[in-house]
Trainee: 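Quick one: structure below, then a few questions.
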There are 2 protein chains.
Amino acid sequence: MERILQKPRVSKATTKRLSLYLRCLKGLEKNGITRIKSSELSKMTQVGSATIRRDFSHFGELGRSGYGYDVSDLIKVFSDVLETKEEKRIALIGCGNLGQALLNNNFRRNENLNIVCAFDNDPEKIGKEICGYHVYSIEDMTAILAKEKITVVISTVPSQNAQTAIDQVVANGITAILNFAPDPLKVPDNVHVHYIDLTSELQTLIYFDGQ
Amino acid sequence: MERILQKPRVSKATTKRLSLYLRCLKGLEKNGITRIKSSELSKMTQVGSATIRRDFSHFGELGRSGYGYDVSDLIKVFSDVLETKEEKRIALIGCGNLGQALLNNNFRRNENLNIVCAFDNDPEKIGKEICGYHVYSIEDMTAILAKEKITVVISTVPSQNAQTAIDQVVANGITAILNFAPDPLKVPDNVHVHYIDLTSELQTLIYFDGQ
């Protein structure tokens, strides 16, 4: 592919759809399918064809009229956009079961995403190793975040304590936060919080299954 | 609110945005804000105003020109759409750290979403109690799913074993599956699989933080 790719600025909604397209396209590739029309991808993803074509148009001329899109071509373009090229050093806050699941998995599909340190406020956990990671006290956050050159934080802190923990994260200059507690956090405009709300996800599924 | 609400058929994309709107609106309500314009909600959610107005239009006349939308009104309408009114009995497959986090939390914000049984293929776990739940062998799935009247399955089975486990789930007539392994599964057309891909979610966050 000779196209020179500029990383276009696309909306959050488009970016989330790119992840969805990428997953479907990888599934197609695994099944030996080499090209696809937007109408077919629309059926798989339940995203309208017009939206798909508009999303794709951000990345230049990807398809050919009457031919559709080349699956491996799309995978390459969307992977380039979504996958981080430089190492991201990540701190985990909250080492309960969910935190431990994240430590164990540690995004091993992407070598540039690395949880490198963990925090908790439980005296039983502080100073111990959990899943191979030293657990620091939340009180030591300022020193450790700087020392470990952290730029991304994942929080599994429950809603009732999440704002306090996130205030401290933000005070340390972190602007990218993945948050597993569904209650909205107050953060300055320059801070990006991405919420994963498992109850909403399950409800979305059930809504569709009921139709 | 005197409006008679029909549950409209909306797209998956709209439904996912409803969850996002709902979370933002609940945050506004918590902060004492009683009305909002689509342009303001657009800024909060990063969804275009036109999309917001189109999404809202599925639910009848929600807003008034020049006034905007009533926050508590929107919360009621969207909650009615998204929140399950009847009990959903859920089986969990895979009792590792992530599975245990789900068992411990068990969607306690919504009394109608209940994980009622758990499966694993690890002889160390089968027959024991984990987080208060009896763990069954995956081999006993057919009998237990029927006995427990399960209609929804959550799978935390890793990608390499996910297809085999899901084939068995589908063979038992389950049509709603929440899947934490990102690789696409092959399922019949009538089966809904909703994927939660934590790596994609993190990459979406990082993409936005980098802009």
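Note on naming: letters A, B, ... go to the chains in the order of the sequence lines (proteins, then strands), and numbering restarts at 1 for each one.
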Trainee: Indicate yes or no: at least one non-hydrogen side-chain atom of A:Leu202 is less than 4.5 angstrom from one of B:Ile90.
Mentor: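 In short, these two side chains touch, coming nearer than 4.5 Å.
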Trainee: Once rounded to the nearest 0.5 Å, what's the spacing between atom CZ of B:Phe107 and atom CD of A:Gln203?
Mentor: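 It is 9.0 Å, given to the nearest 0.5 Å.
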Trainee: Could you tell me which of B:Asn31, B:Val193, B:Val47, B:Leu22 has the largest number of non-hydrogen atom pairs under 4.5 Å with chain A?
Mentor: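 Among B:Asn31, B:Val193, B:Val47, B:Leu22, the one with the most close pairs to chain A is B:Asn31.
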Trainee: Within this structure, what is the CD-CD1 distance for the pair A:Glu86 and B:Ile206, rounded to the nearest 0.5 Å?
Mentor: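 Atom-to-atom, A:Glu86:CD and B:Ile206:CD1 are 9.5 Å apart.
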Trainee: Can you list the steps and then say if A:Tyr195 with B:Leu20 is a side chain to side chain contact (heavy atoms under 4.5 Å, CB included)?
Mentor: CA-CA 9 Å; A:Tyr195 295 87; B:Leu20 173 65; over 6 Å; no
Trainee: Tell me whether the count of non-hydrogen atoms from other residues, nucleotides or ligands lying under 6.0 Å of CD in B:Glu124 goes above 12.
Mentor: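 Counting other residues, nucleotides and ligands, CD of B:Glu124 stays at 12 neighbours or fewer.
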Trainee: Step through the shown structure and confirm whether more than 12 heavy atoms of other residues, nucleotides or ligands are within 6.0 Å of NZ on A:Lys128.
Mentor: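 Atom NZ in A:Lys128 is packed in, count exceeds 12.
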Trainee: Heavy-atom cut-off 4.5 Å, strictly under: side chain, backbone, both or neither for B:Asp189 against chain A?
Mentor: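 Nothing of B:Asp189, per the 4.5 Å heavy-atom cut-off to chain A.
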Trainee: Sort by residue number and list every member of residues 160-176 of chain A having a non-hydrogen atom under 4.5 Å from chain B.
Mentor: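 Only A:Thr175, A:Ala176 of residues 160-176 of chain A have a heavy atom under 4.5 Å from chain B.
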Trainee: Roughly how far apart are A:Ile154 CD1 and B:Glu201 CD, rounded to 0.5 Å?
Mentor: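 Reported to 0.5 Å precision, the distance equals 11.5 Å.
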Trainee: Need one label for B:Ile196: side chain, backbone, both or neither, based on atoms under 4.5 Å from any heavy atom in chain A.
Mentor: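 Contact with chain A is through the side chain of B:Ile196 alone.
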Trainee: Any heavy-atom pair between the side chains of A:Leu198 and B:Phe180 that's under 4.5 Å?
Mentor: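 Contact flag for B:Phe180/A:Leu198 side chains = yes.
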Trainee: Report the distance from atom OG1 of A:Thr199 to atom CG of B:Leu82, rounding to the nearest 0.5 Å.
Mentor: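 The CG atom of B:Leu82 is 11.5 Å from OG1 of A:Thr199, to the nearest 0.5 Å.
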Trainee: Show the nearest heavy-atom pair for residues B:Leu178 and A:Leu205, with the distance to one decimal.
Mentor: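 So the two residues come closest at N-CD2, 3.6 Å.
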Trainee: Could you check whether atom NZ of A:Lys43 has more than 12 heavy atoms from other residues, nucleotides or ligands sitting under 6.0 Å from it?
Mentor: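 No, not enclosed.
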Trainee: Tell me, side chain or backbone of B:Val152 under 4.5 Å from chain A's heavy atoms, or both, or neither?
Mentor: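 The side chain, not the backbone.
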Trainee: So what's closer than 4.5 Å to chain B heavy atoms on A:Leu113: side chain, backbone, both or neither?
Mentor: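 For A:Leu113, side-chain heavy atoms alone lie under 4.5 Å from chain B.
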Trainee: Is any side-chain heavy atom of A:Ser19 closer than 4.5 Å to one of B:Asp197?
Mentor: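 Answer no - side chains too far apart.
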Trainee: Can you name the closest pair of heavy atoms from B:Arg23 and A:Pro184 and give their distance?
Mentor: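 For B:Arg23 versus A:Pro184, the nearest heavy atoms are O-CG, 3.2 Å.
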Trainee: Given a strict heavy-atom distance threshold of 4.5 Å, which part of A:Ile177 is in contact with chain B: side chain, backbone, both, or neither?
Mentor: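 The backbone, not the side chain.
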Trainee: Identify which part of B:Leu18 has an atom lying under 4.5 Å from any heavy atom of chain A, answering side chain, backbone, both or neither.
Mentor: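 Neither the backbone nor the side chain of B:Leu18 comes within 4.5 Å of chain A.
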Trainee: Where on B:Leu98 is there a heavy atom nearer than 4.5 Å to chain A: the side chain, the backbone, both, or neither?
Mentor: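 Interface part for B:Leu98: both.
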Trainee: Answer whether the closest heavy-atom distance between the side chains of A:Gln100 and B:Gln100 falls below 4.5 Å.
Mentor: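 No, too far: nothing below the 4.5 Å cut-off.
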